[in-house]
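Working notes for the structure below.
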Amino acid sequence: MKAAVVRATPLVDQLELEDGAVVLVGSGDHARVLKVSAIALMVLTLARDGAAMRSIGRDLLARFGPPSDGSIDDAVSALVDELARQGLVEVCPGG
Amino acid sequence: MSEPTMSPTAGYAAATMSHTFPAAADQIVELHALGARVRVDLHGAAPVLVEEFHRVWRRCLTPLPGSAEPTGLDAGRIDMAAEVARISPEASRDVAARALTRSTQRITAALIAAQAGRLLMLHAGALCHPDTGASVVYVAPGGTGKTTLSRALGREFAYLTDETVGITEDRRILPYPKPLTLRRPSGGRAKIEHAPDDLGLLAPRADPWVAGVVLIRRDPSVVGVSVEPLDPGEALLLLAPEASSLARLERPLHRLAELGQATGGFRLVRYAEAADLAGLVGDTVGAPR
């Protein structure tokens, strides 16, 4: 079975802040500005050219340590789902 | 503040036939605003309507002395002929007023489209110190106080716009001193375009530049004026929805953030009445002599 691949939507611009970033995504009247956490920003960076969910989990674990609650896989999955809802990533399911 | 009175020509049906007919060339009106020029085709319009159009747009008929780019960018031509030609001199004042208001909306859209990707354009009003050009930009969604504030304080500070503030990379403002769209004194939903001169609003005598940017929120429960500094992230989230064609600019979030940084930071201002903001505007741009 192939792992799900996460691919970040190209950003128009991003401005890094102390606690994450503000990003601009989309174009024309559909452009939106969103604030993302430092962890979410790292996901967007890792997934810029596409990255496996597992690989993202490993990198987040190394950078931020284990989640305060639940498994790293569940935490990454919830975070990626939220980013997908916001139009910031696309998830290509594994086969 | 008392409601403005209608000019004699604003009473469209009441106009007499003794008007001087504008020359045919006057039916193509070239306007200069927001660093661009746009031609409005009024062919076929009754002379009184053409005259009224010239009157309310007088500040845009020639490049402003304060306009940083007097030659301007070509924003194209707006064809109002089909619409205005249908309006007879006997038409009601509301019909003529609605046509003028629609032309204002189309002019604004054309100017914004021409400057997309060039200027940082905020849905905002702006007033400046008449002699120094130091300006305060007040950002707010439509229908929430920009026109009222422009009108209330525009006799003390110079009026730049009540609709869209165009800002260059070096913080100059390209003015858009459009007519102010106000409800009729008699009430109701109908609105009328008013020339800034008719409302006694001052014109700038110097190139305007951004001295401060505030987001305004009218709140009748506020006593006096509440000023809250915004952190950069919060400010961008509030400002971005009030920017036109933001995504067309190079590094737009950085450009917005740099504007805030250069002007002492963005602030959220809550107030009950427009006149309450005179002190804040004066503190930002300097009190006029």
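Just so it is clear: chains get the letters A, B, ... in the order the sequence lines come, proteins before strands, and each one is counted from 1. Side-chain atoms are counted along with the backbone in the values below, which use heavy atoms only and exclude waters and symmetry mates.
Rounding to the nearest 0.5 angstrom, the gap separating the CG atom in A:Asp13 from the CG atom in B:Leu246 is 8.5 Å. How far CD of A:Glu16 is from NE2 of B:His254: 8.0 Å, rounded to the nearest 0.5 Å. Here CG of A:Leu34 is found 12.0 Å from CG of B:Leu236. Values are rounded to the nearest 0.5 Å. Taking CG from B:Asp231 and CG from A:Asp19, the interatomic distance works out to 7.5 Å, rounded to the nearest 0.5 Å. Here the straight-line distance linking atom CG of B:Leu256 with atom CG of A:Leu15 works out to 9.5 Å at 0.5 Å rounding.
The number of heavy-atom neighbours closer than 6.0 Å to CG of A:Asp49, taken from other residues, nucleotides and ligands shown, is 12 or below. By the neighbour-count criterion of 12 heavy atoms within 6.0 Å, atom CD of B:Glu169 is sparsely surrounded, having that number or fewer from other residues, nucleotides or ligands. Annotation for A:Glu90: atom CD does not count as buried by contact number, only 12 or fewer foreign heavy atoms lying within 6.0 Å. The environment of CD in B:Gln261 is sparse: at most 12 heavy-atom neighbours from other residues, nucleotides or ligands sit within 6.0 Å. Heavy atoms from other residues, nucleotides or ligands lying under 6.0 Å from CZ of B:Arg102 number more than 12.
Proximity to chain A is absent for every atom of B:Arg248, based on heavy atoms less than 4.5 angstrom apart. For A:Val25, no part lies under 4.5 angstrom from a heavy atom of chain B. No part of A:Glu18 comes within reach of chain B, as not one of its non-hydrogen atoms sits under 4.5 angstrom from that chain.
B:Pro241 places none of its side-chain heavy atoms less than 4.5 Å from the side chain of A:Val33.
Pairing each heavy atom of A:Ala31 with each of B:Ala247, the nearest pair is CB-CB, 3.9 Å.
Chosen from B:Ala240, B:Pro252, B:Gly233, B:Pro232, the residue pairing most often with chain A at heavy-atom distances under 4.5 Å is B:Pro252.
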